[in-house]
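Have a look at the structure below, then the notes.
In this text, all values refer to a predicted model and were calculated from it rather than measured experimentally.
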Amino acid sequence: MLSMYNVVGNTSDFILEGFFFSPEARVPLFLLVFFGYMIIVFVNTTLFLVIVLHTHLHGPMYIMLCNLIVCDLLGSTAVMPRLMADFFVDVKVISFAACIIQAFFIHMYYLAGQLILSAMALDRYAAICNPLRYTTIMTPRIIVKLCLMAWGGAFIIVVVLLSITIRLPKCKSLVLHAYCFNGALFVLACGDYSANNIYGLFMTYFTSSLSLSAIVFTYSKILITCFFKSQANAKSKALQTCASHLTVYVIFETTLLFSIMALRFPNISPNLTKVFGTVMITVPPCLNPLIYGINTKEIRNTVLKYFKKKITSS
């Protein structure tokens, strides 16, 4: 095995360490990831089409939700098909270009996801705290700007992140994870990579802090507004409206936190570290459309109405 690593190390290829498991577990693991990926594609595509094909769902919140769906599909597609293929090979060779592309989409997934969730929090704030001015505040132009800022900000951060990693001379080829990402790539360098580590950590903490600040600020204002409103159903309506967004945000940040913490503790089992990292990219994309589909009244009623129409027509 060492000779194979040396051979690959003389080319522009990498080797993914992947998961450690017995040969008998290959088929069950493949089926688990395959059906998981099919569920992610199905529920996200279904929700996306429901929003696109029904004009009454073309509001600001749903447009941002479509952006979150695209983000989820990018992240899961960057990892899961490759992971399924790697279950059946002993030496998991990945080209330099493919590795960088995979890392790009993985970082875009969690950075753009955080920024889109922050923009969605601002939308909820405007809808509940300024209902009479909501349509003048959240205009199509503002929605486009918020979405472009989320995607553009994430793009710039990721390009800089990977650019300073690519410039480092490579001395090792074994990526100690199941997929490529910046933290697993810059440690393969020959020289000092402390600047890469500092920039990566700073950007992670910066985007997480920015997202958390937006959530705390907007939902504090929402709670205060609901508390002073005279309508009896104001609190319950606000909580119902915001429940989906808060649930998705908590799941996203929790899985991200566990994946980062696992990398910082070397005593944790390598397989467990990889599981946490994979969960971050697979669980939120699977749950997000289900949470919005069940908790959001407009989406739920639209889907139920569609199936009732199909049943009665047949």
**OP:** Please work out which of the three classes, parallel, tilted or perpendicular, describes the rings of Phe30 and Phe34, given edges at 30° and 60°.
**Re:** parallel
Subject >> Exercise: identify the closest heavy-atom pair between Ile222 and Cys242 >> reply: CD1-SG, 4.0 Å
Original post:
Side chain of Thr255, backbone of Phe252: donor and acceptor closer than 3.5 Å?
Top reply: yes
Subject >> Residue Arg141 excluded, over 12 heavy atoms near CZ under 6.0 Å >> reply: no
Original post:
Should we count CE of Met38 as having more than 12 external heavy atoms under 6.0 Å?
Top reply: yes
Subject >> Closest heavy-atom pair and its distance - Ile215, Thr218 >> reply: O-OG1, 3.2 Å
Original post:
Does Asn130 use its side chain to pair, donor to acceptor, with the backbone of Ala126 at less than 3.5 Å?
Top reply: no
Subject >> Modelled atom types, side-chain donor and acceptor of His245 and Tyr219, under 3.5 Å >> reply: yes
Original post:
So, Thr165 versus Asn196: side-chain donor-acceptor pair below 3.5 Å or not?
Top reply: yes
Original post:
Ring centres of Phe35 and Tyr37 under 6.0 Å apart?
Top reply: no
Subject >> Interatomic distance, Ile15 atom CD1 to Leu174 atom CG [nearest 0.5 angstrom] >> reply: 6.5 Å
**OP:** Taking ring pair (Phe, Tyr, Trp, His ring centres under 6.0 Å) as the test, write out the residues that go with Phe276, two or more places apart.
**Re:** Phe258
Subject >> Flag, side chain of Lys274 to backbone of Glu17, donor-acceptor distance under 3.5 Å >> reply: no
Original post:
Step by step, would you call Glu253 with Leu256 a side-chain contact (heavy atoms from CB on, under 4.5 Å)?
Top reply: CA-CA 5 Å; Glu253 290 296 330; Leu256 177 61; 4.1 Å; yes
**OP:** Check whether the ring centres of Phe21 and Phe87 lie less than 6.0 Å apart, and answer yes or no.
**Re:** yes
Original post:
In terms of heavy-atom contacts, does CZ of Phe202 have more than 12 from other residues, nucleotides or ligands at under 6.0 Å?
Top reply: no
**OP:** Go through the steps for Ile39 and Val43 under the test side-chain contact (heavy atoms from CB on, under 4.5 Å), then give the verdict.
**Re:** CA-CA 6 Å; Ile39 291 171; Val43 294; 4.3 Å; yes
Subject >> Carboxylate-amine/guanidinium contact Arg26 Asp90, below 4.0 Å >> reply: yes
**OP:** Provide the closest heavy-atom pair for Ala121 versus Ala214 in the form atom of the first, atom of the second, distance.
**Re:** CB-O, 4.3 Å
Original post:
Should we say atom CZ of Phe88 is surrounded by more than 12 heavy atoms from elsewhere, each under 6.0 Å from it?
Top reply: yes
Original post:
Looking at CG of Leu29 and CG of Asp86, how far apart are the two atoms once the value is rounded to the nearest 0.5 Å?
Top reply: 12.0 Å
Subject >> Between OG1 on residue Thr273 and CG on residue Asn267, distance to nearest 0.5 Å >> reply: 10.0 Å
Original post:
Among the clusters formed by ILVMFWY side chains lying less than 4.5 Å apart, do Met138 and Val144 turn up in the same one?
Top reply: no
**OP:** Could you tell me whether a side-chain N or O of Ser118 sits under 3.5 Å from a main-chain N or O of Gln114, the two making a donor and an acceptor?
**Re:** yes
Subject >> salt bridge (charged side-chain N to carboxylate O under 4.0 Å, His left out) involving Lys92 - partner list, sequence neighbours excluded >> reply: none
Original post:
Are the side chain of Thr254 and the backbone N or O of Ile251 linked by a donor-acceptor pair below 3.5 Å?
Top reply: no
Original post:
From Thr282 OG1 over to Leu32 CG, what is the distance, rounded to the nearest 0.5 angstrom?
Top reply: 9.0 Å
Subject >> Whether Asn182 side chain and Gly200 backbone form a donor-acceptor pair below 3.5 Å >> reply: no
Original post:
Does Lys170 count as lying over the ring of Phe14, i.e. NZ or CZ under 6.0 Å from the six-ring centre, within 45 degrees of the axis?
Top reply: yes
Original post:
Do side-chain atoms of Gln102 reach the backbone of Ala78 as a donor and acceptor pair under 3.5 angstrom?
Top reply: yes
Subject >> Non-hydrogen atoms of Pro81 and Thr77 that approach each other most closely >> reply: CD-O, 3.2 Å
Original post:
Name the one of Ile63, Val70, Leu65 that satisfies side-chain contact (heavy atoms from CB on, under 4.5 Å) with Asn67?
Top reply: Ile63
Original post:
disulfide (SG to SG under 2.5 Å) with Cys99: which residues, sequence neighbours excluded?
Top reply: Cys180
**OP:** Would you give the length of the straight line joining atom CD1 of Ile299 to atom CD1 of Ile294, rounded to the nearest 0.5 angstrom?
**Re:** 11.0 Å
Original post:
Which of these passes side-chain contact (heavy atoms from CB on, under 4.5 Å) with Trp151: Leu111, Ile116, Leu115?
Top reply: Ile116
**OP:** Go through the side-chain N and O atoms of Asp123 and Tyr134 and say whether any donor and acceptor fall under 3.5 Å apart.
**Re:** yes
Original post:
What pair of heavy atoms forms the shortest contact from Gly36 to Met80, and how long is it?
Top reply: C-CE, 3.9 Å
Original post:
Taking all atoms of both residues into account, what is the closest heavy-atom pair of Thr278 and Phe19, and its distance?
Top reply: OG1-CZ, 3.6 Å
Original post:
Taking the six-membered ring for Trp, are His177 and Phe181 ring centroids under 6.0 Å apart?
Top reply: yes
Subject >> Modelled atom types, side-chain donor and acceptor of Asp192 and Ser194, under 3.5 Å >> reply: yes
**OP:** Taking Thr136 for its side chain and Arg133 for its backbone only, find out whether a donor-acceptor pair lies under 3.5 Å.
**Re:** yes
Subject >> Aromatic centroids of Tyr110 and His107 separated by under 6.0 Å >> reply: yes
